[in-house]
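Here is the structure we will look at.
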Amino acid sequence: MTPRTAEIERKSKETHIKAKVNIDGRGDRSDIKTGLAFMDHMVELFSFHGLFDIELEIIKSDTQIDIHHTNEDIGIVLGKAFKEALLDKAGIRRFGFAGAPMEATVARVIIDISGRGYCKLNIQDDKVLQLKNHEEYSLTYLEHFLESFAHSLGATLSVTLQNVSDDVHTNVEAVFKALGLALDQATQIDPRREGIVPSTKGIID
Ligand SMILES: [Mn+2]
């Protein structure tokens, strides 16, 4: 099989990010340096549980403002990298559904690599996690990350959090784990579909 890998470099006036993705990786040899330890932890969880090898480097970011652009652009770059690595998507399962519990909190992610970028998170919550250097993370940031990722990958994402924790870290972590698990399923090759794009349209954009 052709290696399903991609290398993306994206430079804007706000951020400069490089990413390398291997969909058929091991998940335990990623190298993630976003400059935000919290984001490193979350992307590592996604990589580990999705068995993806990811190299992610933020060369420049405007975190002197806040993490808004960095959070969004990491989602864009990772989505683009997965999209490129999937080529024409022939043979993939396309759909994935996974859940991850953390204590009472449960995150469920349903993904369809349909070519249509869309994301829905079931709850709004204004709790904020204080990171170092006066930065913050919240479910609003998580939703924004997921939207960026879904749009640049061309996937429909349905994300449900049940028994939302008071700890933002727990909520976000459960979602990143479930996202890795669901995307792993959706990107797997189904041998019964060898060479066939899994759409009745015959293509997935
Ligand atoms: Mn954690």
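Counting convention: from 1, in listed order, for ligands and their atoms alike.
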Open item on the list: Listing by chain and number, which protein N, O or S atoms are under 2.8 Å from the Mn ion (ligand 1)?
Closed with: H41 NE2, H169 NE2, E173 OE1
Task: N-O pairing of K177 and E173 below 4.0 Å - done: yes
Task: SB check D112 R94 (cutoff 4.0 Å) - done: yes
Open item on the list: Ring centroids only, cut at 6.0 angstrom: are Y137 and H169 within range, meaning strictly under it?
Closed with: no
Open item on the list: Does the plane of the ring in F176 sit parallel, tilted or perpendicular to the ring in F145? Use 30° and 60° as the thresholds.
Closed with: tilted
- [ ] Among V159, L146, L45, find the one that has a side chain to side chain contact (heavy atoms under 4.5 Å, CB included) with L179.
- [x] L146
Task: Listed once per pair and sorted, the side-chain hydrogen bond (donor to acceptor under 3.5 Å, both in side chains) pairs that draw on residues 194-205, sequence neighbours left out - done: none
